Amino acid sequence: MERRSNCTPVAENGVLDVKPLRSLAPMFPAPLGFDMVTRSNVPPLVCISPFGSSLSGLDPSLFTPNKVPSSMNEGAAHVATKSGANSFWTGGASILLVDDDEEEENPPSKGKSRTSGKRDKKLQAGSSGSDAKRKRLIKSSIKPLPLSLPMPDDPRESVDMILMNFDSLRRRLLQVDEAKDESNHHYLKAGSIMSARNVKTNVGKRIGSIPGVEVGDIFYFRFEMNLIGLHSLSMAGIDYLTTSFGDKDEPIAICVVSSGGYENEEDDIDVLIYSGQGGSGKNDKKPDNQKLERGNLALDRSFHRKNQIRVVRSAKDINCPTGKIYIYDGLYMIESSWTEKNKAGFNMFKYKLLREPGQPDGIAIWKMTQKWKENPSSRGKVILPDISSGAENIPVCLVNDVDDERGPNHFVYITSVKYPHPIDMMKPLQGCMCLSVCLPGDMNCSCANHNGGDLPYNSMGLLVCRKPLIYECCSSCQCTFNCRNRVTLKGIRLHFEVFRTSDRGWGLRSWDPIRAGTFICEYTGEVIDRSKLEDEIEEDEYIFQATYLGEKAMGFNCRPELLEEAELSTETEVFRSFPITLSAKNSGNIARFINHSCSPNVFWQPVLYDHGDEEYPHIMFFAMKHIPPMTELTYDYGPGTGSIHNKKCLCAAPICRGYFG
DNA sequence: GATCCTTCACATCC
DNA sequence: CGGATGTGAAGGAT
């Protein structure tokens with residue numbers, strides 16, 4: 001199952017008075033204390049209540065200091081803030097469709113202030129014309145979600161679900177904007193809608209790790225970190241909370257984002273030299289000396305109080321040159337701080353943060369895989385440099401870091417499906433007449449119309465929404481190879497490796513980070529006749545049947561409830577079963593190594609591009625969520641039939657069903 | 001509580 | 001391509 005799944009962050013829900021912080025700290029040297037907590041498999045003491053913002057389901061005794069884990073830092077002090085408790089999917093009383101004015105009665109208790117003044121203007125502007133209304137997000141018009149939505153109990157699943165919801169909403173909003181040739185702020189809109197409806201988790205600032213967030217997790221927008229409680233500020237880099245030490249209030253830092261805006265030094269994977277905020281001359285201001293206030297003061301206080309600070313680093317997204325990827329790198333502590341002159345000659349604060357020992361690798365994995373990509377021979381433990389023998393666009397190496405196995409049983413590597421009949425004898429696919437490339441919003445593009453009116457991929461080639469069947473452009477289309485409706489037919493684009501797992505044979509993972517909606521690979525193999533071969537199918541470990549999708553994959557698509565206007569809604573049909581059965585036993589590709597998980601990160605999607613036989617589509621895998629480098633790729637094989645042929649599941653997910661088919 | 005202010009965003013333009 | 005610019009949201013400060 002997933003690489004990091006057994007490193008469950010621990011017990012972050014206990015509210016901890018910060019006072020003992022100073023007195024306890026010397027008694028528990030960091031490495032020992034840390035190991036005890038992060039390495040255990042103890043489930044969280046308290047699960048986030050999926051329902052409602054009230055904490056009524058929680059044992060109050062868990063919120064007293066004496067139930068705090070041995071080392072105070074890992075206790076993840078949840079310091080009560082004005083906004084109160086964890087809120088999750090809090091529709092609450094507001095299932096009633098409140099009017100704009102009444103909405104104030106159901107306070108999420110924050111963020112009202114400034115927006116309310118603006119909002120009135122927006123409402124007026126909006127009421128005068130529907131176009132203006134659509135362009136602007138009117139927060140107060142957002143209806144709260146009903147409580148009937150299925151919600152996971154597990155914090156990890158909650159975080160996954162929030163992030164999948166955010167990105168599906170964002171992709172859909174972007175798709176609509178692209179079709180209208182407008183550029184609206186899809187990420188801000190999506191974030192606002194999520195916030196306004198309280199589709200978020202881990203509300204309330206806290207010290208230490210965040211339930212359901214693991215070291216190495218990646219994000220593509222600041223808003224994503226906001227929604228899951230990792231970093232609550234939309235722009236500022238230093239998140240802090242104010243708490244009382246004795247009788248006076250002091251700010252302490254809880255999370256910093258190092259995103260390249262300042263002159264930070266990031267060469268050492270365990271050390272971060274972080275610059276204070278302000279004084280840089282941005283935002284229409286003159287460059288100046290930094291002041292010991294706000295985030296800078298919080299970091300200074302944290303240096304003295306010795307509390308753990310979450311660190312988020314960043315990397316350039318190679319697939320999107322203007323984009324950045326944020327990587328949660330775990331907990332750090334400030335070792336020292338000083339001031340120095342910046343290039344412009346003004347004073348700036350510097351803080352040296354040291355990574356707490358005993359944590360899973362975070363940014364270290366990025367440094368490692370980057371080196372391998374530049375020089376594949378630097379990857380040790382390689383059995384074969386390219387298991388595809390040049391058949392794929394990019395070599396796929398075979399590695400074994402764990403034992404002496406020399407590789408999987410022999411099979412023939414093929415990059416396309418073996419149909420019983422030649423392709424040109426199959427039903428042809430009708431092409432479009434678009435010149436150059438197919439454009440979103442073009443009502444005359446027959447390919448877009450086949451796909452329900454929208455092109456299924458956005459300008460970055462990401463799948464917007466899962467569909468029963470996707471029609472890509474084909475050889476009879478007039479458009480060029482660069483058309484955005486040609487994605488899966490171009491083959492793999494990621495650096496994969498087939499690797500030895502500790503207990504589940506061989507698996508597949510990537511050296512590249514994978515964004516939700518990214519095409520992974522096709523499931524190639526021989527199309528077999530299902531009616532004739534029941535017995536063989538039972539014996540064949542490499543069978544793919546297009547009859548089961550898995551519940552989590554349904555969450556890839558945008559919930560209609562999240563879209564405020566019906567016209568934006570997408571078709572609700574996600575799944576359709578197909579008779580095609582593939583065997584990759586004798587011949588196949590990397591997809592034959594993808595293992596099962598009850599909490600998968602990949603799903604399959606039928607696609608047509610070289611023939612028009614809808615019974616026998618290509619089976620293409622896509623990323624369900626953002627996947628960090630070196631994380632095993634998995635999909636849901638299905639629960640099985642309950643027969644003795646079912647296999648015991650080793651996925652280790654908290655929501656594991658125990659068996660798969 | 002309303003308003004102001006600051007902030008290591010993000011996308012586009014040139 | 002990188003720097004300037006425009007539209008922003010959230011939360012602390014006042």
Side-chain angles (χ1 to χ4, degrees), chain A residues 81-83 104 107-120 122 135-139 170 173-174 177-178 181-196 200 203-205 219-227 229-243 249-266 272-286 288 290-291 293-299 311-317 320-327 342 348-351 353 458-460:
Chain A
T81 58
K82 278 174 252 165
S83 54
E104 311 287 348
S109 72
K110 54 186 172 55
K112 293 279 176 194
S113 47
R114 181 142 170 231
T115 40
S116 57
K118 271 189 174 176
R119 190 189 57 208
D120 293 337
K122 285 179 181 176
K135 277 181 191 167
R136 287 164 181 266
L137 174 70
I138 301 163
K139 255 194 177 176
R170 188 194 62 78
L173 292 170
L174 177 61
D177 287 348
E178 284 181 341
D181 201 20
E182 286 176 5
S183 61
N184 272 341
H185 295 248
H186 46 97
Y187 64 99
L188 287 176
K189 265 196 202 168
S192 294
I193 293 174
M194 300 282 288
S195 273
K200 45 185 170 178
V203 177
K205 299 192 180 204
F219 309 92
Y220 287 77
F221 294 93
R222 292 283 295 258
F223 232 124
E224 294 177 320
M225 297 187 280
N226 178 321
L227 293 172
L230 185 62
H231 187 88
S232 66
L233 303 176
S234 55
M235 298 174 87
I238 305 168
D239 197 3
Y240 58 97
L241 55 79
T242 304
T243 188
D249 284 356
E250 278 189 4
I252 51 173
I254 54 175
C255 184
V256 297
V257 179
S258 176
S259 59
Y262 287 73
E263 306 162 14
N264 297 337
E265 295 163 38
E266 306 217 29
L272 173 67
I273 310 290
Y274 195 83
S275 304
Q277 63 188 193
S280 61
K282 290 194 283 190
N283 308 87
D284 285 338
K285 286 189 309 188
K286 284 184 287 222
D288 197 358
Q290 291 187 340
K291 299 192 183 74
E293 58 186 20
R294 299 169 186 274
N296 299 344
L297 181 61
L299 283 168
V311 167
V312 176
R313 306 221 194 194
S314 67
K316 201 167 197 165
D317 183 358
C320 170
T322 59
K324 233 182 289 187
I325 302 177
Y326 299 97
I327 304 129
N342 62 15
M348 67 192 314
F349 296 102
K350 291 281 180 177
Y351 304 90
L353 288 89
N458 66 22
S459 59
M460 293 185 55

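Naming convention: chains lettered A, B, ... in sequence-line order (proteins, then strands); numbering from 1 in each chain. Just so you know, these numbers come straight off a predicted model, no measurement behind them.
- With hydrogens and angles left out, the side-chain atoms of A:Asp239 and A:Ser232 include a donor and acceptor closer than 3.5 Å.
- At least one side-chain nitrogen or oxygen of A:Ser259 sits closer than 4.0 Å to the OP1 or OP2 atom of B:dA9.
- Atom OG1 of A:Thr242 and atom CG of A:Asp249 lie 6.5 Å apart (nearest 0.5 Å).
- Put simply, A:Ser234 has no side-chain N or O that comes within less than 4.0 Å of OP1 or OP2 on C:dG11.
- Residue-level contact check: A:Gly278 touches the backbone only, with heavy atoms under 4.0 Å from sugar-phosphate atoms and none from bases.
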Open item on the list: Once pairs are restricted to Watson-Crick or G-U wobble with both distances under 3.5 Å, how does DNA chain C read as a dot-bracket string, [ ] for crossings and | for other-strand pairs?
Closed with: .||||||.||||||
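- Remark: P of B:dC8 and CE of A:Met225 are 13 Å apart, rounded to the nearest angstrom.
- Checking the phosphate oxygens (OP1, OP2) of C:dT7, no side-chain nitrogen or oxygen of A:Lys189 falls inside 4.0 Å.
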TODO: Output, in order, the C-alpha distance, side-chain angles, deciding distance and verdict of side-chain contact (heavy atoms from CB on, under 4.5 Å) for A:Met194 and A:Lys200.
DONE: CA-CA 7 Å; A:Met194 300 282 288; A:Lys200 45 185 170 178; over 6 Å; no
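- Atom CG of A:Leu230 is separated from atom C1' of B:dC8 by 15 Å (rounded to the nearest Å).
- A straight line from CG of A:Asn296 to C1' of B:dC8 spans 12 Å, rounded to a whole angstrom.
- Residue A:His185 holds its NE2 atom at 11.0 Å from OG of A:Ser192, rounded to the nearest 0.5 Å.
- Applying the side-chain contact (heavy atoms from CB on, under 4.5 Å) test to A:Asn226 and every residue at least two apart in sequence or in another chain returns A:Phe223.
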Task: side-chain contact (heavy atoms from CB on, under 4.5 Å) assessment of A:Tyr240 paired with A:Leu299 - done: CA-CA 8 Å; A:Tyr240 58 97; A:Leu299 283 168; over 6 Å; no
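- Computed from coordinates, the A:Glu224 CD to C:dA9 P distance equals 17 Å when rounded to whole Å.
- Aromatic ring orientation, A:Phe221 versus A:His186: perpendicular (interplanar angle above 60°, classes split at 30° and 60°).
- In this structure, CG on A:Leu297 lies 13.5 Å from NZ on A:Lys291, to the nearest 0.5 angstrom.
- Nucleotides of DNA chain C nearest to A:Lys316 and A:Arg294 differ in position, and the one nearer the 5' end is that of A:Lys316.
- Per the geometry, CG belonging to A:Asp239 stands 14 Å off C1' belonging to C:dA9, to the nearest Å.
- Counting to the nearest Å, the C1' atom of C:dG12 and the CE atom of A:Met235 are 15 Å from each other.
- Atoms CD1 and CD, from A:Ile238 and A:Gln277 in turn, are 4.0 Å apart once rounded to the nearest 0.5 Å.
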Atom pairs, protein N/O to nucleotides 10-14 of chain B N/O, distance under 3.5 Å:
unit_1	atom_1	unit_2	atom_2	d
B:dC10	OP1	A:Arg222	N	2.8
B:dC10	OP2	A:Tyr326	OH	2.3
B:dC10	O4'	A:Tyr187	OH	3.3

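- Atom CG of A:Leu227 is separated from atom P of C:dG11 by 11 Å (rounded to the nearest Å).
- For the pair A:Leu188 CG and B:dA9 C1', the interatomic distance rounds to 8 Å; values are reported in whole Å.
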